[in-house]
Amino acid sequence: MFSPSSRRRFLQTVGVGTAALGLADLPFVNRLPRVSADEARLNPQLVRLDDSIEPLVRLLEETPRDRLLEAVAERIHAGTSYQEVLAALMLAGVRNVQPRPSVGFKFHSVLVVNSAHLASLAGPDEERWLPIFWALDYFKNTQLEEERKTGWKLRPVDENRVPSATKARQAFVDAMQRWDVEAADAAVAGLARSAGSHEVVELFYRFGGRDYRSIGHKAIYVANSWRTLQCIGWQHAEPVLRSLAYALLNHEGEPNPADNDLSPDQPWRHNQELAKTIRPDWLEGKSDEAATRDLLTTLRTGSPSDAADQAAELLNRGIAPDSVWDAVFVGSGELLMRQPGIIGLHTLTTANAMRYAFGASADDETRRLLLLQNCAFVPKFRESAQSRGRISDTTINDLEPRTPDGKSAAEKLDEIFAEASGDRRQAAAKIRGYLAEGGDPHALIDTARRLVFRKGNDAHDYKFSSAVLEDYAHVSSPYRDLFLALSVFNLPGSRDRDNQLVERTRAALA
């Protein structure tokens with residue numbers, strides 16, 4: 001699938017240095033097919049994108065779904081880089097898909113872009129384009145649905161309301177605190193034009209974690225959009241940030257949260273005060289498995305405020321933040337085991353997003369708040385799961401290791417993932433047994449990722465797998481293997497139906 005030059009081009013465009021600068025592969029822009037004046041003309045009712053990417057975004061928007069993969073492959077063969085395709089995919093989603101009435105559902109065509117990108121980075125060379133082409137097709141389906149139902153498009157900002165560079169930051173903070181959509185839209189445009197990228201994202205880390213609406217998708221959008229912008233370049237930030245601010249202010253069907261004490265906002269109000277009580281040197285502490293187990297019990301049975309209060313008490317007692325995060329990750333995985341499905345998987349993808357923001361933020365108060373909020377969110381997810389039906393009484397204590405019957409390591413992995421298509425609890429027990437006997441976790445992760453490429457038929461397949469396979473490294477060694485075993489409750493099995501786009505993508509790129 002990859003020629004030597006195309007593989008080099010892929011690796012160059014996703015490298016850390018070139019990704020951060022957004023300057024990789026610029027010579028290839030000159031080899032793109034010529035664009036006519038009609039093709040370049042933009043509807044004045046649409047937000048204007050960077051001139052360098054607008055024609056490729058238009059290609060994604062205007063090409064019929066049954067021709068899109070082939071059309072993009074033609075551009076790749078003509079010299080279009082991976083970075084440019086990723087940028088066009090993100091911006092087409094932002095311009096054509098509204099993050100309302102919920103930052104989820106159809107909006108997964110935007111949320112999944114970074115997850116597909118991470119899967120591409122971690123995947124084998126010959127399959128790196130598969131997640132991106134899957135996401136291209138998924139965007140196209142969503143675009144058609146949006147056109148049919150609402151006709152929504154991201155419009156140009158009202159330039160008369162955009163504040164000056166000296167006033168943009170405060171105007172944005174004030175608008176977000178008032179939950180004022182129009183003022184925030186104008187202010188974030190001014191902020192994108194005048195402030196540095198890290199200054200801007202610090203603000204979004206806080207606002208992305210402040211409320212539980214849309215079961216964590218707000219925090220997910222903050223982390224995923226920032227990570228994508230790091231690859232495609234800050235020159236594309238303004239439309240993405242406008243979409244992001246619009247998403248974070250979503251409170252569909254509720255009165256203005258600024259003037260009311262609503263359930264999704266209560267943890268934030270509680271934790272703003274609680275964060276002030278944490279000792280100044282809270283980042284310096286000792287790992288403690290017993291503390292993790294105690295917090296797990298609270299996450300399993302306590303209230304959101306109980307969980308946050310206990311986390312703060314542990315930190316003040318000298319327990320390391322990593323031990324608190326271990327409880328968040330394992331508790332989230334346990335909830336997925338107790339009720340597999342949409343709520344449980346979002347407990348984990350939200351933890352991934354908030355842990356990323358925690359690690360990336362340079363603001364001590366923001367980091368405290370994100371950790372406390374995530375501790376409070378796990379019981380909120382449990383409450384949401386209970387509202388959908390019965391939750392199993394099973395806990396991680398009931399998940400005993402079981403040795404797979406296969407003889408070689410490859411045969412054991414085959415058995416585990418065949419089992420995952422039928423009995424996920426048995427598959428999880430066999431993962432624990434495989435790892436307890438010294439099985440290679442990275443071989444298991446690689447197998448899981450390849451199955452996502454072949455079997456993934458939903459945005460959650462990519463969002464979830466990219467999150468949990470990344471977070472395996474974030475969990476401390478006493479709980480790491482258990483966390484990986486719990487992930488199988490939403491990973492594809494080898495007997496699942498194949499994704500029909502795989503062969504079409506390979507044919508297009510051949």
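Values below: every heavy atom of this structure, side chains too, minus hydrogens, waters and symmetry copies.
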*Are Trp226 and Tyr356 close enough that their ring centers fall under 6.0 Å?*
no
_Just by distance, no angles: are the side chains of Ser287 and Asp322 close enough, under 3.5 Å, to form a donor-acceptor pair?_
no
*Verify the ring-centre separation between Tyr82 and Trp129: is it less than 6.0 angstrom?*
yes
*asked:* Whether the side chain of Ser494 engages the backbone of Ala418 through a donor-acceptor N/O pair (distance < 3.5 Å, no angle test) should be reported.
replied: yes
*Return yes if some donor-acceptor pair links the side-chain N/O of Thr366 with the main-chain N/O of Ala362 below 3.5 Å, else return no.*
no
_Determine whether Lys430 and Val488 satisfy the following criterion, side-chain contact (heavy atoms from CB on, under 4.5 Å), listing intermediate values before the conclusion._
CA-CA 10 Å; Lys430 289 181 178 181; Val488 81; over 6 Å; no
*Lys/Arg-Asp/Glu bridge criterion (N-O < 4.0 Å) met for Lys106, Glu145*: no
*May I ask you to decide whether Glu126 forms a salt bridge with Arg506, counting only side-chain N to carboxylate O separations under 4.0 Å?*
no
*Could you tell me whether Glu84 and Arg75 have a side-chain N and a carboxylate O separated by less than 4.0 Å?*
no
*asked:* Less than 4.0 angstrom from a charged side-chain N to a carboxylate O is my criterion; do Arg390 and Asp393 meet it?
replied: yes
*Please indicate whether Tyr472 has more than 12 foreign heavy atoms, meaning atoms of other residues, nucleotides or ligands, lying under 6.0 Å from its OH.*
yes
*asked:* What verdict does the side-chain contact (heavy atoms from CB on, under 4.5 Å) test give for Asn114 and Gln230, after you've listed the backbone C-alpha separation in whole Å, the side-chain angles of each residue and the deciding distance to 0.1 Å?
replied: CA-CA 10 Å; Asn114 178 66; Gln230 285 182 290; over 6 Å; no
*Determine, step by step, whether Glu146 and Asn96 satisfy the side-chain contact (heavy atoms from CB on, under 4.5 Å) criterion, reporting the C-alpha distance in whole Å, the side-chain angles of both residues, the deciding distance to 0.1 Å, and the verdict.*
CA-CA 7 Å; Glu146 187 79 279; Asn96 290 273; over 6 Å; no
*Electrostatic pair Glu74-Arg67, nearest N-O below 4.0 angstrom*: yes
_Assess whether a salt bridge exists between Arg227 and Glu470, defined as any Lys/Arg side-chain N lying under 4.0 Å from an Asp/Glu carboxylate O._
yes
_Main-chain N/O of Leu69 paired to Lys140 side chain as donor or acceptor, under 3.5 Å_ = no
*Heavy-atom distance under 4.5 Å between the side chains of Ser214 and Asn250, does that happen here?*
yes
*Less than 4.0 Å between a side-chain N and a carboxylate O, is that true for Arg206 and Glu202?*
no
*Is Asp211 paired with Lys218 through a side-chain N to carboxylate O contact shorter than 4.0 Å?*
yes
*Look at the side chain of Glu415 and the backbone N and O of Pro404, then say whether any donor-acceptor pair between them is shorter than 3.5 Å.*
no
*Nearest heavy atoms of Gly493 and Ala420, plus distance in Å*: CA-CB, 4.0 Å
*Any donor-acceptor N/O pair, Ser361 side chain to Arg367 backbone, under 3.5 Å*: no
*Sequence neighbours excluded, which residues qualify as side-chain contact (heavy atoms from CB on, under 4.5 Å) partners of Pro401?*
Arg432
_Would the distance check show the side chain of Gln143 and the main-chain N or O of Glu61 forming a donor-acceptor pair, the cut-off being under 3.5 Å?_
yes
*Would you confirm whether the ring centroid of Phe377 sits within less than 6.0 angstrom of the ring centroid of Tyr212?*
yes
*Just wondering, more than 12 heavy atoms not from Glu284 lying within 6.0 Å of its CD?*
no
*Determine, for Asp265 against Arg213, whether the closest basic-nitrogen to carboxylate-oxygen distance falls under 4.0 angstrom.*
yes
*For atom CZ of Arg495, is the number of surrounding heavy atoms from other residues, nucleotides or ligands below 6.0 Å larger than 12?*
no
*Test Arg100 against Trp152 for side-chain contact (heavy atoms from CB on, under 4.5 Å), laying out the working first.*
CA-CA 10 Å; Arg100 302 286 179 101; Trp152 182 90; over 6 Å; no
*Classify the angle between the aromatic ring planes of His108 and His346 as parallel (below 30°), tilted (30 to 60°) or perpendicular (above 60°).*
tilted
